[in-house]
Amino acid sequence: MKKKLLFFSSKKYEIEFFNEFNKNFGFDISYLDIRLDSSTVILANGYDGVCCFVHDELNSKVLDKLKSYNINIVVLRCAGYNNVDLKRAFENKIHILRVPIYSPHAVAEHTVALILALNRKIHKAYIRVKELNFDITGFLGFDLYKKTAGVIGTGNIGKIVAKILKLGFEMEVLAYDPKPDYNFSNSIGIKYTDLNEIFEKSDIITLHCPLTKDTYHILNEQSFEKMKKGVMIINTSRGGLIDTKSLIKYLKNNKIGYAGLDVYEEEEEYFFEDFSTKGISDDTLARLLTFPNVLITSHQAFFTKEALENIALTSLNNFKSFFNGLPLENEICYKCGQERTSCNKQKLGRCF
Ligand code: NAD
């Protein structure tokens, strides 16, 4: 019998990829364009597995319900898993798998796109020229060459960003990561340091760490206070890394010169949806959108053809491994927050 899978928060653009790859897997997939939360979890009753994305809520209530429907696998079509109560999943013996790497290049390249667009005001120039206004007043930028970039988090994505900035633009790159990779830093000539030096010396600060209780509001009033006047802040990781209210305060007093945001603390309600005829009631987001030096994209850094192919293939393989009793190499271990393969505590290829 075909295994029945329910996809939450699924959009037309990804369904095409899943349907194409599923020809080789043969799952019976139903797609819903609604978020998983405690009011929608009932829809999963009768399925063998569920597949979720960044805004689906996998809290204790939802996980308890999934367990009561005898669902033992959740596959995340993303890398981040800050929306999952991993401890509760583990207590319920629900396996949580993800797509750890689908295209770090996609996110890194979008990061650089935000830097270049903000610096050279491409988003404003496009509109001005469209209106046949060829005046360049107000579009003055700066050379990236020899400026200093601070990269916070040097995993898969942060490393590519650091390489592009160092080797492509010949910037000075300072990096911070609690697990520094000195082979990497020595190979391209960047320097690991602490957050204070990054805050004090960087012209551009870009975030590439996961959202955890340690990194929540890693950029806050105290950190903005230490930064150079006119600093550019880029966040393509998770909204909760920045205290948005403080960001607005420091944009208002011109301490922060630019902000490029692909993510936002309260993005769940809005990102990926069309509010162009309804408007929004989030005053913080509305205020951010009024700044000429803030460029917001709607969590689209991952959005390339290559990334969607990898997401579809890896997600379906994750389900296949589970249903065939194979080791779950992309399972997240709640004890260490690592893929199972990096977690020495588990022996059998599965957390339980
Ligand atoms: P990764 O796991 O390869 O790297 C994360 C790095 O952050 C690791 O080196 C880790 O040691 C480091 N880190 C952990 N705690 C830290 C701290 N307190 N300070 C500084 N660094 C810390 O992850 P990745 O694939 O590079 O992805 C980074 C983040 O990008 C993800 O967590 C996810 O939230 C985000 N992401 C966003 C999109 C998007 O479309 N906008 C897509 C994919 C991933």
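Every number for a ligand or one of its atoms is a count from 1 in the order of the listing.
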Note every protein N or O atom lying under 3.5 Å from an N or O atom of ligand 1, pairing the names and giving the distance.
| from | atom 1 | to | atom 2 | distance (Å) |
| --- | --- | --- | --- | --- |
| ligand 1 | 3 (O) | N156 | N | 2.9 |
| ligand 1 | 3 (O) | N156 | ND2 | 2.9 |
| ligand 1 | 9 (O) | G155 | N | 3.4 |
| ligand 1 | 9 (O) | D177 | OD2 | 2.6 |
| ligand 1 | 11 (O) | D177 | OD1 | 2.6 |
| ligand 1 | 11 (O) | D177 | OD2 | 3.4 |
| ligand 1 | 26 (O) | N156 | N | 3.3 |
| ligand 1 | 26 (O) | I157 | N | 2.9 |
| ligand 1 | 30 (O) | S237 | OG | 3.4 |
| ligand 1 | 34 (O) | S237 | O | 3.4 |
| ligand 1 | 34 (O) | R238 | NH1 | 3.3 |
| ligand 1 | 40 (O) | F302 | N | 3.1 |
| ligand 1 | 41 (N) | T236 | O | 2.9 |
| ligand 1 | 41 (N) | D262 | OD2 | 3.0 |

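Sequence neighbours left out, not one pair with a member in residues 135-149 passes salt bridge (charged side-chain N to carboxylate O under 4.0 Å, His left out). Sorted by first and then second residue, the salt bridge (charged side-chain N to carboxylate O under 4.0 Å, His left out) pairs involving residues 205-229 (not counting sequence neighbours) are D203-K228, E221-K249. Pairs of residues two or more places apart, or lying in two chains, that qualify as ring-ring contact (aromatic ring centres under 6.0 Å, His included) and include a residue from residues 148-197 are Y182-Y192.
Test T111, T206, T297 against T236 for side-chain hydrogen bond (donor to acceptor under 3.5 Å, both in side chains) and you get one pass: T111.
Within 6.0 Å of the NZ atom in K124, the count of heavy atoms belonging to other residues, nucleotides or ligands does not exceed 12.
Taking the six-membered ring where the residue is Trp, the centroids of F7 and Y47 are separated by 6.0 Å or more.
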